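Single-structure report; data block below.
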Amino acid sequence: MQYKLNSKIEGRFASLAIKEIFELLKQFIDIKILKELEIIYPPEREMGDFTLPCFALAKSFRKSPAEIAVKLSKNIRLKKEGLIRKVKNQDTYLNFFINKERSAELILSEVFLKKDKIGESDIGKNRKIMIEYLSPNTNKPLHLGHSRNAFIGWSVSKILKTNGYKVIKTCLINDRGIHICKSMLAYQKMGNKKTPKSEKIKSDHFVGDYYVLFDKLRKENPEIEKEAQELLQKWEKGDKKVRALWKKMNNWALKGIKESCDELGVGFDKFYFESNYYKKGRYIILKGLKQKKFIKEGGAVLADLKKYNLPNKFLLRSDGTALYITQDIYLSYLKCKDYKLNKIVHVIASEQDLSQKQLFAILDILKFNAAKNMRHLSYGMVNVEGGKLKSREGVKVDIDSLLAELKGAAEAEIKKRNKKLSKKEIAGRAKVIVLGALKYYILQYGAKNIVNFNPKKSLSFTGNTGPYLQYTYARIIGIIQKNKSKVESRKLLMLLMLILANYLMRLTQV
RNA sequence: GUACCCGUAGCUCAAUUGGAUAGAGUGUCUGGCUUCGGACCAGAAGGUUGCAGGUUCGAGUCCUGCCGGGUACACCA
């Protein structure tokens, strides 16, 4: 039975206690009203373990909330062996106190049973969710903004998995379009058959360098923009030479990006490549046009979104060619065809709030049922000490240089504190610390807030930081190891500490 | 111009989604300890939650209007 009573409090033990509270209140409160009530935690421990705000009862009791609390506390009769040992009114609240021995019994038995799986649940049993995140372009390396995306996508996936959901992590690779052609063109002009190997540069950086180079060339000669357009047209026609170059450079970019993902500790179950789908939404859109769901404007197809209070959106160009949203529409269908999904989450920066709303609205017009199960998990941008991140402007905030820089700082810090460690050991520790620091720093922000990234603060070893948690973990493990041989009765404490330690550790790993 | 997001302690962020006296870290100040993992401990000061209204038993949270910052509004991706 599902009580609205417990909507804010989770856990098996708590739900047992709340069930009992429900039973206790049943004889005084009409069951309809009772089901609408909420039990919450009191702000302070001394006030009790659970509390019932009595405001909502004022109407039906025709008394002030405080009077109701008094009346209830006087009249409720507790069960002898129950979980609740005491009821007390305080102002407008009715506070419940738990029988500590009974609750300890229950909680500890659960702890021993579940061990480090404590905290897991199965509320997502039989539900399948797709988390689409990262979605990189194949013309440059990942930057700090991508890392926020990656951490959000990855941690949401882990949280869902821990709660019993079947999670499919997907990555849409934006491997097509004018931006890709720009780095290709610069390579054609200045590449001289160089390769990442010959230049000893990480392969995605190699490609990215040509993207930056394009911008330089454009400043000298604006005509080059047209050449890029021509290159795109050749690509679309399937020109063999162009396709071969595209494939080569894409592979370089992807290889490097995947290496960076490994460094960040994130991965995927399925990749979708835009180049495979960019044309395929056309059929769906033309069909919609036939059914008068869309309109034609000067040969192009347009979705009228007035009904949704959104600006209109073009779906096909007047020459019939595809736009980005063309493949987005198709992909939505494809994902549902590939997997039986209960929900799809797009982890995409807030710059795309509008276009995501438009996409969902268009899918709604198409009566694509799954559209109502699609969500945009929007997050704000990442600033570095005042300056906005932009790889085009040449600010070095790509993930690889950032990690390297942080690692250097961490190694210095480790050396200072422990002079006996081997180089390999130091490097290993630095890697763990840096990743924990970065994840914890970025994930502590609410998703919609702008992150002010400060490399020094993120790596700080004290305060509310990843390294501090890791340090606490290490200390607890140290204490456990030293006391292993001591008295039996400590075992329980040790186990509890270990569970706590693992929990802390998980926080830096989500 | 229109739409969306943000505005909380000097600084960086929380606040059980409308609940009791708005909390942490950091910085500052006071005191302790001088390295059993000291990357420490105890304490203090620090707030008109951007401003003005409204809704209600109750608002940092919801509504309206302003102010400030950001983002987006292409037959780009």
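Small disclaimer: the values here were computed from a predicted structure and weren't measured. Naming: A, B, ... by sequence-line order, numbering from 1 per chain.
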If you take atom types as modelled and just measure distance, does the side chain of A/S350 reach the base of B/A72 with a donor-acceptor pair under 3.5 Å? no
Considering every strand and a 4.0 Å limit on heavy-atom distances, what is the contact class for A/E413: base, sugar-phosphate, or nothing? nothing
Quick one: on RNA chain B, does A/Y441 or A/S355 contact a more 5' nucleotide (nearest heavy atom)? A/Y441
Any salt bridge linking A/K71 with A/E67? Criterion: basic side-chain nitrogen under 4.0 Å from a carboxylate oxygen. no
Would you say A/F273 and A/C171 make side-chain contact, with heavy atoms under 4.5 Å? no
Looking at A/Y93, is its backbone amide N or carbonyl O close enough to the side chain of A/D91 to form a donor-acceptor pair, meaning the two atoms are under 3.5 Å apart? no
Using the P atom as the point on both nucleotides, what is the distance between B/U8 and B/C13, in whole Å? 9 Å
Quick one: does A/S318 reach the base of B/C75 with a side-chain donor-acceptor pair under 3.5 Å? yes
Choosing from B/C11, B/G25, B/G70, which nucleotide comes nearest the side chain of A/K457? B/C11
Hey, what's the ring geometry for A/Y187 with A/Y210, parallel, tilted or perpendicular (30° and 60° as the breaks)? perpendicular
Give one of base, sugar-phosphate or nothing for A/N95, where a contact means two heavy atoms less than 4.0 Å apart. base
Quote, to the nearest angstrom, the C1' distance that separates B/G10 from B/C29. 14 Å
Between B/A20, B/G25, B/G70, spot the one nearest the side chain of A/N464, thanks. B/G25
Whole-angstrom distance between B/U55 and B/A74, as gauged at atom C1': 42 Å
Side chain of A/Y468 - closest among B/C41, B/A77, B/C13: B/C41
Euclidean distance, atom CD of residue A/Q352 to atom P of B/G70 [Å, nearest integer]: 20 Å
Under 4.0 Å, heavy atoms only, any strand: does A/G298 hit a base, just the sugar-phosphate, or nothing? base
Base-pairing mate for B/U35 - Watson-Crick or G-U, with both contacts under 3.5 Å: none
A/V347 backbone acceptor or donor facing A/N149 side chain under 3.5 Å: yes
When the P atoms of B/U34 and B/A39 are compared, how many Å lie between them, rounded to an integer? 15 Å
It should be established whether A/R317 places a side-chain nitrogen or oxygen under 4.0 Å from OP1 or OP2 of nucleotide B/C76. yes
C1' atom, B/G53 versus B/C67: distance in rounded Å? 15 Å
Any-strand Watson-Crick or G-U partner of B/A42, both distances under 3.5 Å: B/U30
Nucleotide opposite B/G1 in a Watson-Crick or G-U pair, distances under 3.5 Å: B/C73
So, do A/F97 and A/V87 sit near enough that their side-chain heavy atoms are less than 4.5 Å apart? no
Sorted by position of nearest nucleotide on RNA chain B, 5' first, the leading residue of A/D353 and A/I433 is A/D353
Nearest to the side chain of A/M381, heavy atoms from C-beta on, is which of B/A39, B/A77, B/U71? B/U71
Let's test this: given Watson-Crick or G-U wobble pairing with both distances under 3.5 Å, identify the partner of B/A9. none
Same-atom distance (P) from B/G27 to B/A20, integer angstrom: 30 Å
Do the ring planes of A/F453 and A/Y441 sit parallel (below 30°), tilted (30 to 60°) or perpendicular (above 60°)? perpendicular
Any-strand Watson-Crick or G-U partner of B/U55, both distances under 3.5 Å: none
Picking from B/A77, B/C5, B/G37, which would you name as closest to the side chain of A/Y324? B/A77
Is there a donor-acceptor pair under 3.5 Å between the side chain of A/R148 and the backbone N or O of A/V382? no
P atom, B/U16 versus B/C6: distance in rounded Å? 14 Å
Contact class for A/Y445 (heavy atom, under 4.0 Å): base, sugar-phosphate, or nothing? sugar-phosphate
Does B/C13 have OP1 or OP2 under 4.0 Å away from a side-chain N or O of A/N452? yes
Please answer whether B/A20 and A/Y93 are stacked, defined here as ring centres separated by less than 5.5 Å and planes angled under 30°. yes
Between A/Y379 (OH) and B/U71 (C1'), how many Å, whole number? 13 Å
Identify whether a stacking contact exists between A/F314 and B/A74, where the ring centres must be under 5.5 Å apart and the planes under 30° apart. no
When you get a sec, tell me which of B/C73, B/U26, B/G70 is the closest nucleotide to the side chain of A/P311? B/C73
Using atom C1' in both nucleotides, what's the gap between B/A15 and B/G23 to the nearest angstrom? 7 Å
Side chain of A/L354, heavy atoms from C-beta onward: which of B/C40, B/C4, B/C73 has the nearest atom to it? B/C73
How many whole angstroms separate atom NZ of A/K182 from atom C1' of B/A77? 10 Å
Measure from CD on A/E351 to C1' on B/A3 and round the result to the nearest Å. 15 Å
What is the distance, to the nearest angstrom, from the CG atom on A/L305 to the C1' atom on B/A3? 14 Å
Starting from C1' on B/A72, measure out to CD on A/Q358 and report it in whole angstrom. 10 Å
Quick one: label A/S378 by what it contacts on the DNA or RNA (base, sugar-phosphate, nothing), any heavy atom closer than 4.0 Å. nothing
Please work out if A/N449 contacts a base, only the sugar-phosphate, or nothing of the nucleic acid, heavy-atom cut-off 4.0 Å. sugar-phosphate
